[in-house]
Amino acid sequence: MIFQPIHLLFKLENIRQLIYDAFKGNNYAELSQKYNMTERGIRKVIDRVHKRMIKEKQPALFDFNDA
C-alpha cells in the first residue's frame with residue numbers, strides 16, 4: 001500500500017492530537033515510551049498542538065483585510 005502525502009499528514013496530526021489528549025501535565029516519560037519518541041519530542045508536540053488550539057479559538061486582534 002502506497003501512502004499519499006496528505007494521508008501521512010492526516011495520520012501525523014491524529015497522532016499529535018492523541019499525544020496531547022493523553023498528556024496529564026507530568027507524564028512525558030510515559031508518553032515517550034508509548035509513542036517511541038524522546039521526551040523532548042513529546043514536549044515539542046504538546047507545545048505545537050497547544051499553540052494551534054489557542055490560535056484556532058482566539059480571534060485575530062487586528063484584521064487588516066477590511067481595506
Side-chain angles (χ1 to χ4, degrees):
M1 180 175 189
I2 298 174
F3 291 103
Q4 299 296 325
I6 194 77
H7 177 73
L8 291 175
L9 290 175
F10 178 76
K11 188 172 183 176
L12 180 60
E13 193 57 39
N14 190 23
I15 291 170
R16 287 177 178 160
Q17 190 64 47
L18 288 172
I19 291 170
Y20 184 81
D21 292 342
F23 180 61
K24 296 178 182 131
N26 61 353
N27 60 338
Y28 295 107
E30 175 188 330
L31 293 173
S32 67
Q33 289 178 349
K34 181 176 180 179
Y35 291 99
N36 197 27
M37 295 175 65
T38 63
E39 284 189 36
R40 183 171 185 252
I42 294 291
R43 288 174 191 270
K44 288 171 93 173
V45 166
I46 291 167
D47 185 53
R48 288 177 183 153
V49 173
H50 183 71
K51 285 180 181 177
R52 187 194 76 226
M53 291 177 73
I54 289 173
K55 188 176 181 179
E56 289 173 357
K57 290 180 183 180
Q58 188 174 23
L61 185 59
F62 300 104
D63 188 12
F64 294 109
N65 295 331
D66 293 339

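From a predicted model like this one, the values you see are computed outputs, not experimental measurements. Side chains included, hydrogens not; waters and symmetry mates left out as well; all remaining heavy atoms used.
- For Ser32 against Ala29, the heavy-atom pair with the smallest separation is OG-O, 2.7 Å.
- When the shell of 6.0 Å around CD of Glu56 is examined, it contains more than 12 heavy atoms from other residues, nucleotides or ligands.
- Ion pairing of Lys34 with Glu30 is absent here, as no side-chain N (NZ or NE/NH1/NH2) approaches a carboxylate O to less than 4.0 Å.
- Linking ILVMFWY residues whenever their side-chain heavy atoms come closer than 4.5 Å, directly or via other members, places Ile15 and Tyr28 in the same cluster.
- No more than 12 heavy atoms of other residues, nucleotides or ligands lie within 6.0 Å of CG in Asn36, so this atom counts as exposed by the packing criterion.
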How far apart are the C-alpha atoms of Phe23 and Ile19, what are their side-chain angles, what is the distance that settles it, and do they pass the side-chain contact (heavy atoms from CB on, under 4.5 Å) test? CA-CA 6 Å; Phe23 180 61; Ile19 291 170; 5.8 Å; no
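- Interatomic distance, Lys55 NZ to Arg52 CZ, rounded to the nearest 0.5 Å: 11.0 Å.
- Rounded to the nearest 0.5 Å, atoms CD (Glu39) and CD (Gln33) are 8.5 Å apart.
- A continuous path of ILVMFWY side-chain contacts below 4.5 Å connects Ile42 to Met53, so both sit in one hydrophobic cluster.
- Side chain of Asp21 to backbone of Leu18: no donor-acceptor contact under 3.5 angstrom is found.
- Salt bridge Lys51/Asp47: present, at least one basic N to carboxylate O contact under 4.0 Å.
- Between Leu31 and Ile46, the shortest heavy-atom distance links the atoms CD1-CD1, 4.4 Å.
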